[in-house]
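Read through the structure below, which is laid out as structure tokens, and then see the notes.
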Protein chains: 2
Amino acid sequence: MQSQAEPYGLRERKKARTREAIQEHALALFAERGYDATTVDAIAAAAEVSPSTFFRYFPTKEDVVLHDRYDPLLLGAFDAQPPELGVIAALRATMQEVLGSLPAEEVERERQRATLILSVPELRARSLDQLASTMAAFASEIAQRAGRDAEDPAVRNMTGALIGVSLAALLGAAADPASSYLELLDASLAHLEAGLPL
Amino acid sequence: MQSQAEPYGLRERKKARTREAIQEHALALFAERGYDATTVDAIAAAAEVSPSTFFRYFPTKEDVVLHDRYDPLLLGAFDAQPPELGVIAALRATMQEVLGSLPAEEVERERQRATLILSVPELRARSLDQLASTMAAFASEIAQRAGRDAEDPAVRNMTGALIGVSLAALLGAAADPASSYLELLDASLAHLEAGLPL
DNA sequence: CTCCCAAATGGAAGTTACTATCAGTATTCT
DNA sequence: AGAATACTGATAGTAACTTCCATTTGGGAG
């Protein structure tokens, strides 16, 4: 009977708040003291939960940093692109839609997160693995759009090249803090679309 | 005064033998019980060294699997390709030379190693990170061959695409045990050279 | 409103990867 | 042969996880 209804019960809301509290305090501590120098116990203490609770919300320390919600957004947007677009064009449009609509504040947070991830070997490695599995999820959509089988080597190569080029753009964006990942990525994909002329 | 001279002193030879013993027993145990179920202590015991010695030879448990000697071989061979070859053609030739000259026995060992790596998340993640840094090492050679600066976005994209396509071939080879990685990789690079027609 | 069940929490105890230190032993050099 | 040096093993410690159990808290039924 409240005027502005929160969608779920008290329990759910509390859980969401706990999760956010842990993540927030963790990122703050990482920024302050560094990733390795911050223990899970310290994070738990800062968020005022027990260490066991920390691991209930995040299976590993890495996951506090790595967890995000972009995959389903990107996949959904890619699927919704007009079928007459080629694979690369559809991906470019997807990125423009999804990343372009992010508030400036979130873009900045994401940049910081990327910097942290790239600077910590464990995080970097796991996030590459994530990227690979994200792209594997794209593979079937790509196959469909290209009218090919998902096992087709051509599809696999295209998917691989897309990973590689996205990664290259990400590294480029990380190297230059003034740059925009979205712009770099779009330019890189255009370059790929043109056959990677050197 | 021995007739067949070992190239180095006793100390070096002993170290090399210890290193190999550790690696060999580790891989055998991994194959037998699985990676996670095999503790470092168990490996050390099997190789008849102390756990501390294990970590002197391999900084982490992962490194026992991940360590190999291909990077310098590949880089050297790439550098030695005739300058009139384009980047992709030079890489194809490099792979033919280096991988093509491996004894069948080693090819088989490498296949098993790849299977293990792909099946264990930590190993997979770290090996992707290794792949990225290998390709970064290639980037300057690629830039030189293309007559471009190492920071050039076109070079970065090309390098990224090469990573991606190699990875795609690797996954393809892992999926089909009867296939040859070298052949798949060569076909994939040819496909990239042709502009990835779908 | 109360009772009851299910879910969330905290705490304790254990495992494993990894680090640091240090004393003892083996190898190499002179 | 003796001194300098490198390698090894043992011990103790840290931190990331896991497992288990007792306690609390929220939600629904009567």
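A, B, ... follow the sequence lines: proteins, then strands. Residue 1 opens every chain.
Among the nucleotides dC17(D), dC18(C), dG10(C), the one closest to the side chain of T53(A) is dG10(C).
Annotation: of the two residues near DNA chain C, E62(B) and R56(B), the 5′-most nearest-nucleotide partner is E62(B). Of the two residues near DNA chain D, K61(A) and E12(A), the one whose nearest nucleotide lies more 5' is K61(A). If S52(A) and D41(A) are placed on DNA chain D by their nearest nucleotide, the residue sitting closer to the 5' end is D41(A).
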Before giving the answer on side chain to side chain contact (heavy atoms under 4.5 Å, CB included), spell out for M158(B) and R148(B) the whole-Å C-alpha distance, their side-chain angles and the decisive distance to 0.1 Å. CA-CA 12 Å; M158(B) 173 59 85; R148(B) 298 298 197 92; over 6 Å; no

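Counting non-hydrogen atoms under 4.0 angstrom, P51(B) reaches nothing in the nucleic acid.
At distances below 3.5 Å, at least one donor-acceptor pair connects side-chain atoms of D63(B) with backbone N or O atoms of T60(B).
Look at CG on L123(A): it is 13 Å from P on dA16(D), rounded to the nearest Å. Separating the CZ atom of F54(B) from the C1' atom of dA20(C) is a distance of 18 Å, rounded to the nearest angstrom. The CD1 atom of I22(A) sits 14 Å away from the P atom of dA16(D) (whole-angstrom rounding). As rounded to whole Å, 11 Å separates atom C1' of dA15(D) from atom CD of E122(A). Rounded to an integer number of Å, the gap from I43(A) CD1 to dA15(D) P is 12 Å. One interatomic measurement links the two molecules: OH of Y35(B) to C1' of dT16(C), which rounds to 12 Å at whole-angstrom precision. dA8(C) atom P lies 12 Å from atom CZ of R19(A), rounded to whole Å. Atom CZ of F55(B) is separated from atom P of dT21(C) by 17 Å (rounded to the nearest Å).
Contact annotation: K15(B) side-chain N/O to dC7(D) OP1/OP2 distance is under 4.0 Å. For K14(A), no side-chain nitrogen or oxygen approaches OP1 or OP2 of dT25(D) to under 4.0 Å. Distances shown here put a side-chain N or O of Y57(B) below 4.0 Å from the OP1 or OP2 atom of dT8(D). Distances shown here put every side-chain N or O of S50(B) at or beyond 4.0 Å from the OP1 or OP2 atom of dA10(D).
In this structure, Q96(A) places its CD atom where more than 12 heavy-atom neighbours from other residues, nucleotides or ligands lie under 6.0 Å away.
Classified by interplanar angle (parallel below 30°, tilted 30° to 60°, perpendicular above 60°), the ring pair F30(B)/Y35(B) is tilted.
When each of R69(A), R111(A), R113(A) is tested with E106(A) by the rule salt bridge (Lys or Arg N to Asp or Glu O under 4.0 Å), just one qualifies, namely R69(A).
Evaluation of atom-type donor-acceptor distances gives no pair under 3.5 Å for the side chain of R11(B) against the base of dT28(C).
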